[in-house]
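First comes the structure, then the notes that go with it.
All ligand and atom numbering here is 1-based and tracks the order in the structure.
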Amino acid sequence: MERISESVVKKDHAPKVSGRSIYVADYPSEGVLCGKLLHAKVARAKVLRVEVPPLPEGYFYVDAKDVPGDNNVNIVLDDTPVFCRETVEYIGEPIAMLCGPDEKTVERLRDECKVVYEELEPVIDLSAATHAFFDYHFGHGDVDAAFAQADRIFEESFRTGYQEQAYLETQGMMAVPEADGRMFVHGSAQCAYYIHGAVARALGCGPGGVHILQDVTGGGFGGKEAFPSILGCQVAVAAHKCAQPVRCVFDRREDMEYTSKRHPSLCKYKVAVKDGKVTAMDIDVIFNAGAYSTLSAVVLQRGIIAAPGVYNVPNVRVHGCAMKTNTSPCGAYRGFGAPQTFFAVEMMMDHIARALGVDSLAFKQSHLVKQGDMTSTCGRYHFPVPLPAMIDEVDAVCDYRRKREEYAKPQTGRYRRGIGMSLYFHGAGFTGSGERDIIKAVAKLRKYADGTVEVLASNGEIGQGVRTTFPKIVAHELNLPLDKVYYNHPDTARVPDSGPTVASRSLMVVGELLRRAAIQLREKWVDGIEQEVEEHFREPDFLIPFYIDKFQGDAYPTYAWSVNAIEVEVDTYTGLSKVLGAYGSFDVGTPIDYNVVMGQMEGGFLQGIGYASIEKMDYDAKGRIRNNSFSDYLIPTTKDVPNLKCMLHVERYPDGPYGAKGAGELPLVGAPGAYVEAMEQALGGVALHHAPFTAEDTLAVLTKEAI
Ligand code: MOS
């Protein structure tokens, strides 16, 4: 192992495990008003009026009329209101915030508010949706000719459901008017500068009028990418009106029902096969975006770029759209659109192989992309594609090929087994030209007179380890002990904008800026004085520029790769299935800290297994989320951790620090394909088309078999 990969104790380990860390809910309540949102109770309606009960002294009602600037939250587009406009568009939409010193009183006043609606017909089901927020087409080759010449044509559709991030700490933000007139907003978040832009716009002040601090954050997984911008605007507007600090912390039920989740999807594949090879794919990807567009554009882009999978398909046509429904807006969740399409393409390839009577892994392998091949968007895979070696590594630890053959034979006992495998990538960093055109990351190092060095960047610690790995890179380059380099939670008043904490970009992109900054500082180092150095993002030279209007070019500079195998045993009496083993080989480049990376791989893989098997969330006919607690929405607990074996396969990326690539999202993406393939085998070779595949789904298959 390289020295940089050797594990250290995480810098935030002791305060977190000892309970000393201060989360937003932990700040003293004295002088701080409690804010509670009045949520819409119908999915679509005109709000005719709100009858507010008499407010005691010191209590406030805050709504859109109190927004001093723009009542639009700055996300990708600006359609999400701070507080609702004339209509509400989903159950839970914030109409107003009640604020006051006593929480119970605020709750009572909130519940006594009577909203008079004129109900409108909502669009609840994705199949009834007609308005596309985003609609993309791209492709290459001659798809129609390939279909005309095909030996066989396969058409299937695949569905995936919601997934709730279920971070330990619910959403929470606090706004504090400062003596100098600035508004200080802090809380649980991934992207301090996103909140900064949004709050400045809502308050109608310049960027100097606000500053944002990320507090210690109890998990994000994408769920705190955009949502804190909305809540941040709401508490800031409230604090502005009340002229006092206001804090709003969601309870679990609010968080599960009304905050962003993974987009449910419907993916339709039409595939041409000639002489045993896939010659064309015509793919239609439909995401349920919910009521506002939030991050759906970029989630959809990542999803459709991955839609042909890791396969070399000469003719490709992809259409993707994100549809409006009157349900909670969906957003970022680890994987960002790719888990949906990788599930679909992996199942599709498996089903085609079986229809052709060939081994599914061999079929997939005969189509794998390799270095130098064209990507789905006419970019290039510039670096080695290590999938063949990774397949062998996984096969070696779980005896995949033998088991796959054995479990394909007829099984008759109570317990039946299956094993499945998925092959996939995760594009490292922002999709398309985002880093170059939008983010333009800047990172700094400040050396103090005593020789300590502070990292100045805006990427938040959300459990992924940047408070440790950033200093590790800098200490390594400066040859300093790790305790001489530190990275505080970012406050936009004192750190440059190194971009958001998303897209598996922090370590790869910002870590590399810090490595270069450290080299600069090393060369300029003078003992006993304060010094500062700065680095700006530069796009790597080899990149084929991406243009979103044509949907062409390198969507990512490089890719993290993975192979997952999952082995299941189904109890045919109860429908319950047990994961006997989950095996993954992951190539995220050089690990900057072995334990940190393994923690990401194991946690992400388990999250993916939950997504594939038990995490089911749905709404009723009125558009209300039905699974709004941890007794209705099941996620894997420590007791559900299977025999989990994660391995690292290292392909160094020359433009990442010491060869590191994006790691955070990769491990979640492949589980649904591997799990559902395994379930197909255990259930006697049926073809399955959706995830999660739950015990109820298993029983439905078994009952049909029994009839
Ligand atoms: Mo992430 S899912 O790019 O916040």
Over-ring placement of [X] relative to [Y], 6.0 Å and 45° cut-offs:
X: Arg626; Y: Tyr619; value: no
X: Lys616; Y: Phe693; value: no
X: Lys661; Y: Tyr559; value: no

Verify the ring-centre separation between Phe250 and Phe227: is it less than 6.0 angstrom?
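Yes, close enough.
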Aromatic ring proximity, centroids under 6.0 angstrom, Phe551 and Phe546:
yes
Just heavy atoms, cut-off under 4.0 Å: does Gln190 contact ligand 1 by side chain, backbone, both, or neither?
side chain
Ligand 1 atoms nearer than 4.0 angstrom to some heavy atom of Tyr333 are 2 (S)
Please could you name the atoms of ligand 1 that Glu665 approaches to less than 4.0 Å, counting only its heavy atoms?
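Within the 4.0 Å cut-off of Glu665, ligand 1 contributes 2 (S), 3 (O).
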Please write down residue, atom name and distance for the protein heavy atom closest to atom 3 (O) of ligand 1.
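Here the nearest protein heavy atom works out to Ala503 N, 2.8 Å.
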Give the residue and atom name of whichever protein heavy atom lies nearest to atom 2 (S) of ligand 1, and the separation in Å to one decimal.
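Minimum-distance protein heavy atom for atom 2 (S) of ligand 1 reads Arg334 N, 3.2 Å.
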Quick one: does Glu225 get an N or O within less than 3.5 Å of an N or O on ligand 1?
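In this structure, Glu225 places an N or O atom under 3.5 Å from an N or O of ligand 1.
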Is Val502 close to ligand 1, meaning an N/O of one under 3.5 Å from an N/O of the other?
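No - when backbone and side-chain N and O of Val502 are compared with those of ligand 1, no distance drops under 3.5 Å.
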Option among Val82, Thr80, Thr259 that satisfies the side chain to side chain contact (heavy atoms under 4.5 Å, CB included) test with Ile230
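Passing option: Thr80.
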